[in-house]
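We number each residue from 1, following the sequence as shown. When reading the values below, keep in mind they use all heavy atoms of this one structure, side chains included, and skip hydrogens, waters and symmetry mates.
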Amino acid sequence: MTTPASPFAPRTAHTADLTPAELRAVRALLDEAFDGDFSEEDWDHGLGGMHALVHDDAGRLVAHGSVVMRRVRHRERWLRVGYVEAVAVRSDARRTGLGGRVMAELERVIDRAYDAGMLSASDEGAALYAARGWQVWQGRVCALGPEGVVHLPDEEGTTFLRPALAGSLDPAFELVFDWRDGDVL
């Protein structure tokens, strides 16, 4: 766990190292940032990995993001993917660079620990990721469901990739994500 040198410096911590009060603050930030449209499944998807948290000089949480491990098949290989979840900035602190600070910490983790980084971007978040060099995946997106491989055309055009330890991925071959409850991706 890193200790911030000053207010607005990101602190990274695993879910296991966050206190119940910190987890409640993260959930409250996400509920506010997503206008109450952050489901229990969305919450669950953002847990179990590394979190980047930014606090203001009064100690209030103003920005958050997490990276969790997912398995994604590309070609004939299952990749260990750092999947970005639950990125949010408090409404009164948006457009101040805090989202970029959160992403820089998550990218540091991805670049050193995962074969690739991936995320599913909202219309509002897509510009942040593109500006940071994340690339829209140009290939087919699927998931391995209970009945086999399921094509997810709605995820195409919103799935972003950051090459890491595995290097470049070939869009001529589909991505097949591991299945999870709620939204598949």
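Between L23 and W43, the closest side-chain pair of non-hydrogen atoms falls below 4.5 Å. Contact check for V68 versus V84: no side-chain heavy atoms found under the 4.5 Å cut-off. Residues S122 and F34 are not in side-chain contact: their nearest non-hydrogen atoms beyond the backbone lie 4.5 Å or more apart. Side-chain contact between L61 and L53: present, with at least one pair of heavy atoms (C-beta onward) separated by less than 4.5 Å. In this structure the side chain of L106 never reaches within 4.5 angstrom of the side chain of T12, judged on heavy atoms. Between F177 and R70, the closest side-chain pair of non-hydrogen atoms falls below 4.5 Å. Counting only heavy atoms from C-beta outward, the side chains of D115 and V81 never approach each other to under 4.5 Å. For the pair M103/L128, a side-chain contact is recorded, criterion being any heavy-atom separation below 4.5 Å from C-beta on.
Distance check: R73 CZ to W78 CH2 gives 5.5 Å after rounding to the nearest 0.5 Å. Once rounded to the nearest 0.5 Å, the distance linking CG of L30 with CG of D42 reads 9.0 Å. Note that CE of M50 and OG of S66 are 10.5 Å apart. Values are rounded to the nearest 0.5 Å.
Using a 4.0 Å cut-off between a side-chain N of Lys or Arg and a carboxylate O of Asp or Glu, D44 and R180 do not qualify as a salt bridge. In summary, R11 and E105 do not engage in a salt bridge, as defined by a charged side-chain N under 4.0 Å from a carboxylate O. Between R132 and E107, at least one side-chain N (NZ, or NE/NH1/NH2) sits under 4.0 Å from a carboxylate O, which counts as a salt bridge. One finds no salt bridge joining R27 and E22 here, because no Lys/Arg side-chain nitrogen approaches an Asp/Glu carboxylate oxygen to under 4.0 Å.
Under a hydrophobic-cluster definition in which Ile, Leu, Val, Met, Phe, Trp and Tyr are linked whenever side-chain heavy atoms come within less than 4.5 Å, directly or via other members, V102 and V26 are assigned to different clusters. Under the 4.5 Å side-chain contact rule for hydrophobic residues, V109 and Y129 share a cluster. V141 and L79 fall within a single hydrophobic cluster, where Ile, Leu, Val, Met, Phe, Trp and Tyr side chains are chained together by heavy-atom contacts under 4.5 Å. Residue L29 is not grouped with residue L119 when hydrophobic side chains (ILVMFWY) are merged at heavy-atom distances under 4.5 angstrom, including chains of intermediate members. V87 and V54 end up in the same hydrophobic cluster when Ile, Leu, Val, Met, Phe, Trp and Tyr side chains are linked at under 4.5 Å.
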Item to complete: Before giving the answer on side-chain contact (heavy atoms from CB on, under 4.5 Å), spell out for L165 and R80 the whole-Å C-alpha distance, their side-chain angles and the decisive distance to 0.1 Å.
Response: CA-CA 10 Å; L165 299 174; R80 194 178 61 256; 4.1 Å; yes
Worksheet item: D31 and F38: side-chain contact (heavy atoms from CB on, under 4.5 Å), yes or no, with the steps?
Response: CA-CA 6 Å; D31 285 338; F38 198 81; 3.9 Å; yes
Item to complete: Please report the C-alpha distance between L98 and V62 in whole Å, then the side-chain angles of each, then the deciding distance to 0.1 Å, and finally whether the side-chain contact (heavy atoms from CB on, under 4.5 Å) criterion is met.
Response: CA-CA 8 Å; L98 297 180; V62 292; 3.6 Å; yes
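Tested against M118, the residues L169, V67, I110 include a single side-chain contact (heavy atoms from CB on, under 4.5 Å) partner, L169. Between R140 and the options E174, E155, E156, a side-chain hydrogen bond (donor to acceptor under 3.5 Å, both in side chains) holds for only E174.
Donor-acceptor pairing under 3.5 Å is lacking for the side chains of H51 and H14.
For residues 137-159, every residue pair satisfying the ring pair (Phe, Tyr, Trp, His ring centres under 6.0 Å) rule, not counting sequence neighbours, is listed here: H74-W137.
Proximity of a side-chain donor or acceptor of E85 to a complementary backbone N or O of Y83 within less than 3.5 Å is not detected. A donor-acceptor pair under 3.5 Å is formed between the side chain of D178 and the backbone N or O of R71. Panel note: side chain S120, backbone T159; no donor-acceptor pair is recorded below 3.5 Å. With T96 contributing its side chain and A93 its backbone, the two residues share a donor-acceptor pair below 3.5 Å.
Shown here is D170, whose CG atom has more than 12 heavy atoms of other residues, nucleotides or ligands within 6.0 Å.
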